[in-house]
Amino acid sequence: MKSIESSVHTAPPAWAVLERQLMRAIDEAAPVYLDKYTRPGGSLIWREDYPGDGVWADDLYEAFFNWPIYYAMGGSAYTGQKSIEQWSAVTRQITYDYGRASREFINNDDWFHNSENYIYFYHLGLVDPAHAENRRRAQRFAGFYMGEDPEVPNYDPNHRIVRSPFSGSKGPLFDARFADVHYNIEYGHATLGPDFDFPEDWHKDEGWRKKVHQKFNEVVMQGDIPVNLGVVVLVTNAFLYTGEERYRQWAIDYVETWLQRIQDNDGIIPDNVGPNGIAGENRQGQWWGGFYGWTGRFSLHMMGSAMMIAAECAQMLTGDSKYLDLIRSQLDVVISRGKREGDGPLQVPFKHTNEGWGEYGTMIPQDPVHLWAASMDEGDWQRLETLRQGAEAEWSQVTSRGPRLLDDRAWTRYLAGELPDYPEKILQANYAEVCRRLQMVMEDEADLTKVDEHHWQQRNPVVTEALEQLTMGGPQTIYWGGLAQGRVRYFDAEESRPGLPEDVAALVSRLSEDGVELSLVNLSPAHARTVIVQAGCFGEHMFSTLKADGAEMAIDDRYVQVVLKPGTQIDLSLGMKRFCNGPTFAQPWHGDGISFR
């Protein structure tokens, strides 16, 4: 491993001081939050009776969903330890107290919500990749969707379909829970196909309840939907632990199947595929109307998140950017149909129904930003510019946000050179958000056995937005099941743990197809710190060259070591070959492979 040493003493930059203060605030807040809301053993203080048949299990995991990523960026040892312990505690609670999980996996929920909770599990590999029990879990969970467990037939390999919109450790669910039928029809998440009309108060009449339930089972619950692309991340997670080809191949096969479905449907992703792999099979040929599909309230966001995270995995697993067309093609489907009112921002259709395209609104920027960060393609950057036109002020606004409110627009303007004070502003905003959430925790006098299932996620004081953008140089991880997308990642060489060493701050100030510019600061006046920089969150990239302090050296490695003398700063210009290494959870000291324990 090549090494370089800092030599320039510095007056501490404001961003570096604010970054370390934000981390100190989160480190202080996390134990207060956990002590407030958990029992001895880690279960959440909540109701003792069954919470009902709706989809809520994900919300319990979401109480701690970003703790692993925070620790991996340099959070306290406490947050790393508790992230692993709390996942197991919540899993036990959902299994034994509420009966909604078996074999440590959700019984049968949809993959919009499954993705919301398994984002937590996926990033435990960044905390401790040698954790043998988590590796076994990752392989078992992936096997539920690869035909490796005959008792869990979620996947049909002949037609390459996940067989139901609801699935899990008990296999595909074909007979929907009535609470899910009622909720998803009431909120417009699914239709019952052409030529089936029913009254608005159908749920009040026993006869109509049976008819609608039966029709829902026939039309909605049989076959595949785009949101099931979230399974790709589950299988990729097993690959990151093991490197076994079967996981890579399954993920690629499933993504390619959906790419073919898009091609066969004139460039538009069909939102429902029947038991025989035919789009519109259960709906007299209609490719719209499926669960969380084009007729839904949040269709573009729900399908888009699944397509984006699957495309990111496929690109990482193969090094081939063609898989980004999975999401790019659908962004262009709606952008090409967009319209403007005067000088306002582009309005795109959010729905396709029997009446055609409609319900125009401003596109959520998450997927276009992620697409550009993955491709570094000028065309994808121009797509961002198209969306920004008429909304320039919004794209430059920096506000205090919570963990679910992904908005990387101002970060892209910083990278474009337009918001030089963005690092300081977003760090201040995130610090304020941590303080606001912790105050809610400390003043919370609610009866915790009766609170709403979103109570904890609204108070979780671990806020990682600024840290992901500034230290790792990536957009925020997609909340709905994505993997971290940082261009770089760090390890503490002296402590042999992931994350920035104590007193060290990092700032990625520029990204390109073949490089990254990075500043590292050691705020300690007395102690040297040694940080290992990795190319990509999962080592999927390689550093080619390094320029610093007028010197240049060849690297040709996924790692470079930086020794930071007390009170110094070093500015690195790192050449990079992207997506040329097999991705892995392995850390610098794992050598040729992870030794599980």
Quick one: does any side-chain atom of [X] pair with a main-chain N or O of [Y] as donor and acceptor, under 3.5 Å?
X	Y	result
Asn430	Ala466	yes
Gln93	Leu44	yes
Asp492	Leu500	no

Closer than 4.0 angstrom, basic N to acidic O: yes or no for [X] and [Y]?
X	Y	answer
Glu385	Arg413	yes
Glu394	Arg388	no
Asp503	Arg529	yes
Arg47	Asp447	no
Asp380	Arg383	yes
Arg137	Glu133	yes

* Asked: In this structure, which one of Ile426, Val508, Leu22 forms a side-chain contact (heavy atoms from CB on, under 4.5 Å) with Leu470?
  -> Ile426
Quick one: pull up [atom1] in [X] and [atom2] in [Y] and give me the separation to the nearest 0.5 Å.
X	Y	atom1	atom2	result
Glu48	Asp97	CD	CG	8.5 Å
Ser167	Asn108	OG	CG	8.0 Å
His131	Arg597	NE2	CZ	7.5 Å
Phe64	Tyr37	CZ	OH	10.5 Å
Asn66	His123	CG	NE2	10.5 Å

Could you check whether [Y] and [X] have their ring centres less than 6.0 Å apart?
X	Y	value
Tyr145	Trp111	yes
Trp87	Trp67	no
Trp46	Tyr98	yes
Phe298	Phe350	no
Tyr187	Tyr183	yes

* **Cationic tip of Arg100 above Trp56 ring, under 6.0 Å, 45° of axis** =>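 Judged by the rule, Arg100 and Trp56 form a cation-pi pair.
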Look at the aromatic rings of [X] and [Y] and report parallel, tilted or perpendicular, splitting at 30° and 60°.
X	Y	answer
Phe291	Phe166	tilted
Phe105	Phe141	tilted
Tyr292	His113	tilted

* Apply salt bridge (Lys or Arg N to Asp or Glu O under 4.0 Å) to the pair Asp444 and Arg459, showing each step before the final yes or no. => CA-CA 10 Å; Asp444 191 355; Arg459 291 161 175 77; 3.6 Å; yes
* With the side chain counted from C-beta on, respond yes when Asn117 and Val90 share a heavy-atom pair under 4.5 Å apart, and no when they do not. =>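 Side chain of Asn117 against side chain of Val90, heavy atoms only: no contact under 4.5 Å found.
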* Asked: Are the side chains of Asp59 and Glu62 in touch, meaning some heavy atoms are under 4.5 Å apart?
  -> yes
* Asked: Run the ring pair (Phe, Tyr, Trp, His ring centres under 6.0 Å) check on Tyr33 and Trp456 step by step: do they pass?
  -> CA-CA 9 Å; Tyr33 168 80; Trp456 314 288; 9.1 Å; no
* **Closest contact, heavy atoms only, Glu19 versus Leu467** => CG-CD2, 3.8 Å
